[in-house]
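No hydrogens, no waters, no symmetry mates; every other heavy atom, side chains included, goes into these values.
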Amino acid sequence: MGKVIMITSGKGGTGKSMFACNISITLAQMGKRVMLIDMDMGLRNIDLYLGVENRVVYDVKDVVMGRCAISQGIMQDKRFDNLFFMAASPEREEGHITPLHIKVLMDRLRKDYDYIIVDSPSGMDDGMVLASAGSDAAIIITNPEYSALRDADSVDRQLIKLGIAERFVVVNRVIADLINGGYCPDLMEVSRMVRAQLIGVIQQDENIHISTNLGVPIVIKSDSYICKNFQRIGERIVEYMEEGI
């Protein structure tokens with residue numbers, strides 16, 4: 001049975017959706033069959049990051065409300081044989097969608113995919129609760145800033161209340177010179193402030209911003225150090241989720 005991993009953050013602007021997109025591709029490149037679902041209702045961005053915004057016909061709300069079959073709401077990325085995508089609804093109002101609807105959908109998808117990556121809304125409102133339904137694990141995306149780390153810790157506490165035992169942290173937008181100069185928290189302090197397991201860092205790089213604007217995920221450039229960062233994080237995810245390390 002496949003594993004459902006929720007990607008979340010305590011505040012907007014941490015790079016959560018960028019991470020969800022690129023880690024999904026990374027896992028697909030590792031031979032895993034991956035479904036990426038955008039659950040950030042009303043603020044969907046994953047279709048833009050993948051460059052498939054003009055192909056979206058049905059979305060996750062259409063699927064759970066029975067307006068279309070699950071297969072109709074799924075798109076396959078033509079660049080990656082193992083990557084599939086379901087877009088978020090452009091409407092913020094979820095209507096009658098409940099956590100049970102989402103859990104049922106996840107249980108159906110587990111049968112066909114190794115990993116279901118869910119891009120959650122940032123923060124701790126009802127959207128996060130909805131996106132967490134059926135999740136086996138969560139990855140919190142944060143930045144090396146005290147306010148972001150405090151928010152990440154609050155999200156971590158909420159995830160515990162939601163019953164998600166496997167929780168991980170990725171620190172994005174790391175600038176080594178600032179850490180070395182003592183101008184922002186180092187990784188030891190990150191680990192002290194957020195109890196979830198640290199599984200990787202991603203350095204600040206303008207190429208990430210360029211890639212998201214162009215709809216060409218950064219990990220497509222396989223010889224880049226950023227791609228290698230994602231590969232290491234992907235390997236750790238597989239180790240924790242499949243080998244129980």
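Between the Asp114 side chain and the Arg33 main chain, a donor and an acceptor come within less than 3.5 Å of each other. The backbone N or O of Val201 sits less than 3.5 Å from a side-chain atom of Asn229, completing a donor-acceptor pair. Between the side chain of Gln76 and the backbone N or O of Asp81, at least one donor-acceptor pair lies under 3.5 Å. Under the 3.5 Å distance criterion, the side-chain polar atoms of Asn82 are left unmatched by any main-chain donor or acceptor of Val34.
Using a 4.5 Å heavy-atom threshold, the side chains of Asn143 and Lys11 count as separate. No side-chain heavy atom of Arg44 sits under 4.5 Å from any side-chain heavy atom of Glu53. Between Leu109 and Ile37, some side-chain heavy-atom pair lies under the 4.5 Å cut-off. Side chains of Arg79 and Leu50 form a contact here, defined as non-hydrogen atoms less than 4.5 Å apart. A heavy-atom distance below 4.5 Å is not found between the side chains of His209 and Met18. Between Gln203 and Ile226 there is no side-chain heavy-atom pair separated by less than 4.5 Å. At a threshold of 4.5 Å between non-hydrogen side-chain atoms, the residues Ile23 and Ile139 do not count as touching. Between Leu27 and Val238 there is a side-chain heavy-atom pair separated by less than 4.5 Å.
Test Leu198, Leu159, Val170 against Ile140 for side-chain contact (heavy atoms from CB on, under 4.5 Å) and you get one pass: Leu159. When the options Asp47, Val56, Leu83 are evaluated for a side-chain contact (heavy atoms from CB on, under 4.5 Å) with Met75, the one that passes is Val56.
Atom OG of Ser120 sits about 14.0 Å away from atom CD1 of Ile5, to the nearest 0.5 Å. Rounding to the nearest 0.5 angstrom, the gap separating the OG atom in Ser135 from the NZ atom in Lys103 is 10.5 Å. Here the OG1 atom belonging to Thr14 is positioned 10.0 Å from the CD atom belonging to Glu145, to the nearest 0.5 angstrom. We find the CG-NZ distance between Asn45 and Lys16 to be 8.0 Å, quoted to the nearest 0.5 Å. How far CG of Asp38 is from OH of Tyr49: 10.0 Å, rounded to the nearest 0.5 Å. The structure places CZ of Phe80 at 4.5 Å from CD1 of Ile25, a figure rounded to the nearest 0.5 Å.
Salt-bridge annotation for Lys3 and Glu166: absent, with no side-chain N of the basic residue lying under 4.0 Å from a carboxylate O of the acidic one. Lys61 and Asp59 are not joined by a salt bridge, as no carboxylate oxygen comes within less than 4.0 angstrom of a charged side-chain nitrogen. Under 4.0 Å is where a charged nitrogen must lie from a carboxylate oxygen, and between Asp107 and Arg110 at least one such pair does.
Using cut-offs of 30° and 60° for the angle between ring planes, the Phe168 and Tyr240 rings count as tilted.
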